[in-house]
Amino acid sequence: MATRWILLAAGLVPASASAGDTAVPGAAVPAVGAGYFVQMFLGLAVVVAAIVALLWLLKRVNRLQGSVQGQLRVVAAVSLGTRERAIVLQVGDEQVLVGVAPGRVSRLHVLPRPLQSPSPTDESDAGGFKARLASALAGRRAT
C-alpha cells in the first residue's frame, strides 16, 4: 500500500488506480506495441527531415545574399581580447581597419595602400604546419 502512495505522489500511477484493486469494467489499458514505436519513429523522421530542409533553405538564401556582397571581403583579422577583434576589410579598391566589439563596430583607420594578402604558394609557408608535422612524425619514428 505504501508503494502505491509513493507512485501516486510521483505521478506514475493515476489516482483511480490507487483507489483500490478493483478494475473498472470497460476501461481499456493502452497497449504499447510495435505500431506505437513505428508511429513514434515516423514522427521523429518527419521532424529531422524538416530540420534538414530548413537548414538547406537557409544555406541557399545566405548564398544568394553573399553573391550580392561580392565587393566586401575580410582580408585579415586578429583577436584583441575575449570578445574584441581588429579586422581589415576590402571595400572595392579601398581597405579599412575596423574594430569589432560586442554591440559596436568602429572604423579605426583607412589604409593608404592595400595590404597584400598572402598566397597559398608563398615561400614563407614552406616551413608551415605541413613541414613541421612531417618532421615531428619522422622524429617520432626514429625513436
Side-chain angles (χ1 to χ4, degrees), residues 1-21 23-24 27-143:
M1 186 69 174
T3 306
R4 283 210 180 138
W5 284 106
I6 293 171
L7 292 175
L8 177 65
L12 298 175
V13 175
S16 62
S18 67
D21 292 332
V24 178
V29 177
V32 178
Y36 173 77
F37 289 111
V38 169
Q39 181 182 3
M40 182 178 62
F41 285 121
L42 285 177
L44 179 64
V46 167
V47 170
V48 169
I51 290 172
V52 169
L54 287 174
L55 289 174
W56 176 79
L57 181 66
L58 183 64
K59 190 174 182 180
R60 295 283 293 179
V61 169
N62 282 342
R63 188 179 304 155
L64 293 176
Q65 290 176 353
S67 64
V68 174
Q69 300 171 354
Q71 295 295 317
L72 180 67
R73 69 180 181 95
V74 176
V75 175
V78 64
S79 178
L80 301 175
T82 57
R83 299 174 69 184
E84 297 84 16
R85 297 181 67 82
I87 299 173
V88 177
L89 295 174
Q90 178 81 31
V91 183
D93 294 332
E94 189 174 68
Q95 288 186 349
V96 181
L97 176 66
V98 295
V100 179
R104 185 174 180 155
V105 177
S106 303
R107 180 181 59 127
L108 301 176
H109 185 67
V110 176
L111 299 173
R113 57 190 164 113
L115 296 176
Q116 298 298 323
S117 57
S119 64
T121 59
D122 195 7
E123 291 297 322
S124 64
D125 194 33
F129 177 75
K130 186 176 179 181
R132 286 190 219 163
L133 180 63
S135 67
L137 289 176
R140 180 179 265 182
R141 287 184 193 140
T143 59

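Treat the numbers as computed from the prediction; the structure is a model and nothing was measured. Note: hydrogens, waters and symmetry copies are ignored here, and every other heavy atom, side chains too, is used.
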A.B. asks: Quick check against the 3.5 Å criterion: does S106 have a side-chain atom that pairs as donor or acceptor with the backbone of L108?
C.D. replies: no

A.B. asks: Is any side-chain heavy atom of L111 closer than 4.5 Å to one of V88?
C.D. replies: yes

A.B. asks: What heavy-atom pair brings L80 and R85 nearest, and what distance separates the two atoms?
C.D. replies: CD1-C, 4.1 Å

A.B. asks: Taking C-beta and beyond as the side chain, do L89 and V74 meet within less than 4.5 Å on heavy atoms?
C.D. replies: yes

A.B. asks: Identify the heavy atoms of Q90 and V75 that sit nearest to each other, and give their distance.
C.D. replies: CB-CG2, 3.6 Å

A.B. asks: Measure the shortest side-chain to side-chain distance between E84 and V100 over non-hydrogen atoms and say whether it is less than 4.5 angstrom.
C.D. replies: no

